[in-house]
Amino acid sequence: MDSRYDPTNESSIYSLWQKSKIFSPSIPKHPKKTDKPPFSIILPLPNANDPMHMGHAMFVIEDIMVRFHKMLGHPVMWLPGADHAGIETQFVFEKNLAKTGQSRFDFDRNTLYKMIWDFVEENRKLNQFQLKQLGFALDWSRYHYSLEPSIIKQVLSTFKKLHRDGLLYRDDRIVNYCTHCGTAFSDLEIDHQERSDFLYYLDYGPISIATTRPETIFVDVAVAVNPKDKRYKKLVGQTAIIPLTKKQIPIIADDLVEKDFGTGALKITPAHDTTDFEIGQKHKLALKSCIKHTGQMYNTIPEIDGLYPKQARAKTIELLQKAGKLIKTEPLTHTVSVCYRCKNIIEPLPVPQWYVKTTPLAKPVIKSVKANLTHIFPLRFRKVYLDWMENIRDWNISRQNVWGPRLPAWYCLDCNPSIQLNFITKDKKVISDTYTSLKKKFDFNIIKSGLQTLTAPINSTYFIDKPNTCPKCGSKHILQETDTFDTWFLSGQWPLTTLGFNVEDPAKSHPDFNYFYPTSFMDTLWDILFFWVGRMQMFGFYLTGHTPFKTIHLHAKVTDSKGQKMSKSKGNVINPSDVVEKYGADALRFALVYGVAPASDISLSDKKIESMRNFVNKIWNASRFVTIIIDKFIQDNPNLDLFTIDKTNLKPEDKKVLKELDHTINSVTAKIKKYHFGQATEVLYAYFWHYFCDIYIEQTKGRGPEVGGVLLHCLLTSLKLLHPFIPFVTESIYQQLRIKLKLTDDLIASSSWPKTQT
RNA sequence: GAGUCUAUAGCUCAGUUGGCUAGAGCGCUUCGUUGACAUCGAAGAGGUCAGAGGUUCGAGUCCUCUUAGACUCACCA
């Protein structure tokens with residue numbers, strides 16, 4: 001053995017595990033009652049386009065659980081995968097595309113889809129390599145990718161089932177629309193930022209209003225006041241006058257208006273504000289937009305049309321000032337919605353979208369969590385989770401991007417001639433108009449092959465199963481919805497689709513599903529608790545009646561040595577692959593767990609990784625010492641029995657080290673079971689280094705062969721206890737001992753978890 | 001606006017159901033290298049456990065308030 005542990009052989013250790021197939025269980029044909037139940041985990045699927053970051057290295061917690069349960073004798077299965085990550089991926093792709101001076105509008109959707117597909121395939125393999133590099137005991141025979149046809153098939157079946165069950169609907173309500181990304185977002189995908197803006201007081205004839213968005217006054221449909229506001233009581237029912245256009249609009253009363261804000265009078269612009277939209281619905285006001293999906297203004301006045309909101313605001317204010325209608329301007333700090341992806345301001349726009357009714361889906365989840373049939377750890381997240389589930393809003397599942405499966409809905413253009421179409425001609429011209437106007441100038445096939453997007457008004461008729469000809473009018477001019485699924489609609493079904501659940505006929509589900517579902521454990525960063533974990537549970541109960549996992553375990557984010565979030569702009573990002581190359585995977589793994597409290601931030605630094613690497617090296621050298629000693633004993637005494645400890649012949653220090661070992665076994669086992677991994681590693685670290693090495697080994701120096709048994713026992717037991725945390729070095733040492741001493745277990749990974757002697 | 005969390009050694013943090021002289025890693029001081037390891041060993045300095053009050057035989061640990069920070073949720077124009 002070298003005097004240093006060399007982590008560069010880690011990949012050969014990994015292939016030992018893979019060859020042994022201990023992490024790729026086959027399902028017993030005739031299960032016995034005495035069999036231990038399977039322990040299964042679905043890996044939170046990394047984005048296929050993304051190289052790994054430290055967050056992915058946190059899968060180490062799942063790896064610890066898998067390896068621990070394997071050693072306890074359970075069949076274990078940890079299922080890896082990759083997510084196409086709709087918007088995320090398209091965002092990254094478009095950024096690259098922009099470098100070549102192109103944009104998504106230069107391509108029809110089929111071409112664009114193929115380009116993104118190729119882009120993702122290049123990156124997907126890198127991901128798998130990195131997961132292996134960190135030693136994760138994944139079952140690669142069960143790897144899945146979210147765009148596999150069999151997975152998509154089940155996802156579409158779920159869509160159809162939701163439709164059959166009346167849980168699916170289209171609606172025209174105000175959505176969070178990012179004009180930069182060109183798509184709507186769900187409420188969860190919105191960030192809020194505090195901004196310093198201005199509140200403009202405008203003269204609306206008999207009444208004055210205050211607004212932060214003067215550029216939308218052109219599509220105001222009313223002015224609202226609070227019914228309890230004495231100042232304006234007389235004015236309700238009269239008309240206000242929009243400046244610049246001089247259009248007359250009614251003054252109405254509604255509870256939603258705050259008396260104390262601004263002038264107490266609110267201009268109502270249902271198309272561009274959620275509160276206004278609500279008031280508009282109540283009072284049956286018209287919904288007229290002045291911002292296109294591209295972000296440009298229209299339906300205003302010639303000076304403003306075509307501008308973007310920011311410029312439009314400045315121009316409007318200028319015109320208002322000239323007209324003497326701007327009463328005053330005061331600074332205002334308020335929160336605005338921004339796109340979580342590109343950080344541009346979200347425009348609330350009325351766009352037809354597809355929604356899932358979530359209240360009925362949330363009900364069984366709430367029940368299960370409250371009855372503790374789904375455990376949430378740490379407990380404090382339980383309340384947050386329940387709050388969210390209990391106040392859940394309907395889920396907008398449609399996205400206006402290309403990368404992902406399209407919704408399985410088909411429109412007959414002849415039945416719905418007001419459908420808006422965007423397509424690109426062969427000479428690269430983008431055409432945009434309703435079908436009514438387009439059908440006179442263009443052949444249907446040209447539209448179809450160059451199709452970019454279609455927007456179907458809310459009252460359009462559609463078919464959920466693809467018809468060749470329209471059953472109503474016989475037309476062949478049928479197009480599929482161009483909206484794609486929210487990525488989470490697919491990944492929310494991940495535990496079901498990957499295990500082979502059959503939505504249409506559950507009895508025909510794959511045996512994997514029957515054996516491994518519900519899975520045992522789900523660990524993830526708390527930031528996707530609602531995005532992902534919540535949706536998986538809703539789908540799990542909806543489709544199977546059971547939770548997809550018995551335990552939800554949440555960990556925190558990895559920060560730098562100063563407790564700051566890692567980000568590219570700060571330049572404090574530590575790349576897991578770099579760490580592995582420099583210090584070895586075990587050092588990184590231990591650093592991510594050692595001394596970390598459940599769900600508290602994990603502060604990581606080179607210093608910490610280095611000291612963990614030193615620990616790994618200490619283990620290596622202690623093993624080397626024991627090996628040297630034992631070799632010598634065997635040489636002098638070929639019949640030496642190293643595997644039975646003669647308890648009558650022990651010195652006090654031998655008894656002490658064995659007692660401490662038992663103590664460590666109990667403590668580590670208990671702490672892993674309670675998910676206190678940080679403490680488990682501290683106990684191991686302290687025992688192995690500061691007791692076994694610093695004290696006991698020193699005490700044995702100079703003694704004869706009788707200490708061989710105790711030394712070997714303590715070493716082997718420690719290695720086993722350490723294995724779930726640092727699998728490479730422990731397996732590497734074990735393999736050398738196995739050959740030398742003819743140990744019975746082929747791998748430490750498949751050996752039994754230590755038991756106490758007393 | 002509502003809610004959650006955090007405040008312990010110079011730095012980053014552990015400290016499960018309250019119980020003996022409050023711990024680790026890094027950093028610092030002094031000494032040490034003849035069966036593994038200098039990626040090492042021994043000894044040591046360093047904390048009014050944010051502040052105030054309370055419960056208790058006993059509180060870093062439970063309760064209340066104050067201060068400072070972090071985060072989540074939310075339709076204030």
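More than 12 non-hydrogen atoms from other residues, nucleotides or ligands lie less than 6.0 angstrom from NE2 of A/H334.
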Table of protein N/O atoms under 3.5 Å from nucleotides 26-29 of chain B N/O atoms:
none

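Nearer the 5' end of RNA chain B, as judged by each residue's closest nucleotide, is the contact made by A/D560, out of A/Y5 and A/D560. Remark on RNA chain B: of its neighbouring residues A/S3 and A/S603, the 5'-side contact belongs to A/S603, judged by nearest-heavy-atom nucleotide.
Pair assignment for B/rU16 gives none, since no Watson-Crick or G-U wobble pairing has each distance under 3.5 Å. Pairing for B/rA22 is absent, with no Watson-Crick or G-U wobble pair whose two atom distances lie under 3.5 Å. The pairing partner recorded for B/rA42 is B/rU30, the criterion being a Watson-Crick or G-U wobble arrangement whose two distances lie under 3.5 angstrom. B/rA68: Watson-Crick or G-U partner is B/rU6, with both key distances under 3.5 Å. Partner assigned to B/rA36 is none, using Watson-Crick or G-U wobble distances below 3.5 angstrom. Base-pair partner of B/rC73: B/rG1 (Watson-Crick or G-U wobble, both distances under 3.5 Å).
The side chain of A/W689 approaches B/rC40 more closely than any other nucleotide in the set B/rG25, B/rA14, B/rC40. Side chain of A/H192, nearest nucleotide from B/rA42, B/rA74, B/rU16: B/rA74. Closest to the side chain of A/F261, out of B/rG41, B/rU72, B/rC76, is B/rC76. You'll find that the side chain of A/A597 is closest to B/rG15, out of B/rG15, B/rC37, B/rA24. Across B/rG41, B/rA36, B/rG3, the shortest atom-to-atom separation from the side chain of A/K383 is found for B/rG3. Among the nucleotides B/rU39, B/rC40, B/rG15, the one closest to any side-chain atom of A/K618 is B/rC40. Among the nucleotides B/rG41, B/rA36, B/rU16, the one closest to the side chain of A/F625 is B/rA36. Taking every side-chain heavy atom of A/R613 into account, B/rU39 is the closest of B/rC37, B/rG15, B/rU39. Of the candidate nucleotides B/rU12, B/rU16, B/rA36, B/rU16 has the atom lying nearest to any side-chain atom of A/K671. In this structure, the nucleotide among B/rC13, B/rA77, B/rA36 sitting nearest to the side chain of A/S600 is B/rC13.
Note on ring orientation: taking the six-membered ring where Trp is involved, the planes of A/Y340 and A/F185 are perpendicular (angle over 60°, cut-offs 30° and 60°). Ring-plane geometry between A/W526 and A/F381 is classed as parallel, the angle between the planes falling under 30 degrees on a 0 to 90 degree scale with a further cut at 60.
B/rU8 and B/rA70 have their P atoms separated by 15 Å, with the value rounded to a whole Å. As rounded to the nearest Å, B/rG23 and B/rC49 have P atoms that lie 14 Å from one another. Comparing the P positions of B/rG54 and B/rC13 gives a spacing of 32 Å, expressed to the nearest Å. Rounded to whole Å, the separation between the P atoms of B/rG69 and B/rC31 comes to 45 Å. Taking atom P in both B/rC37 and B/rG41, one finds a spacing of 12 Å when rounded to whole Å. Comparing B/rU33 with B/rA38, their P atoms sit 15 Å apart, to the nearest whole Å. When the P atom is compared between B/rU48 and B/rA52, the two are found 12 Å apart, to the nearest whole Å. Taking the C1' atom of each, B/rA50 and B/rG60 are spaced 12 Å apart, rounded to whole Å.
When the side-chain nitrogen and oxygen atoms of A/H690 are compared with OP1 and OP2 of B/rC40, none of them lie within a distance under 4.0 Å. Contact between the side-chain N/O atoms of A/R624 and the OP1/OP2 oxygens of B/rC37 is found at a separation under 4.0 Å. Phosphate contact (OP1/OP2 of B/rG15, side-chain N/O of A/Q679, threshold under 4.0 Å): present.
Here A/K740 pairs with A/D631 in a salt bridge; the nearest charged N to carboxylate O distance falls below 4.0 Å. Salt bridge status for A/R213 with A/D276: absent, with no side-chain N to carboxylate O gap under 4.0 Å. One finds no salt bridge joining A/K357 and A/D394 here, because no Lys/Arg side-chain nitrogen approaches an Asp/Glu carboxylate oxygen to under 4.0 Å. A salt bridge links A/E698 and A/K701; the closest N-O separation between the charged side-chain nitrogens and carboxylate oxygens is under 4.0 Å.
A donor-acceptor pair under 3.5 Å is formed between the side chain of A/K608 and the backbone N or O of A/A591.
One N or O donor and one acceptor, one from the side chain of A/E698 and one from the base of B/rA36, sit under 3.5 Å apart. Judged by atom type and distance alone, A/R4 reaches the base of B/rU39 through a side-chain donor-acceptor pair under 3.5 Å.
In this structure, CD of A/E682 is placed 14 Å from P of B/rC13, rounded to the nearest angstrom. Spacing between atom CD1 of A/I602 and atom P of B/rA70 amounts to 20 Å, rounded to whole angstrom units. Note: CG (A/L188) to C1' (B/rC71) measures 16 Å, nearest angstrom. Distance NZ (A/K557) to C1' (B/rC71): 8 Å, rounded to an integer number of Å.
Considering A/F725, A/Y691, A/F692, A/F615 as possible partners of A/Y685, the one that fulfils the ring-ring contact (aromatic ring centres under 6.0 Å, His included) test is A/F615.
Side chains of A/N621 and A/Y5: a donor-acceptor N/O pair is absent below 3.5 angstrom, by distance only.
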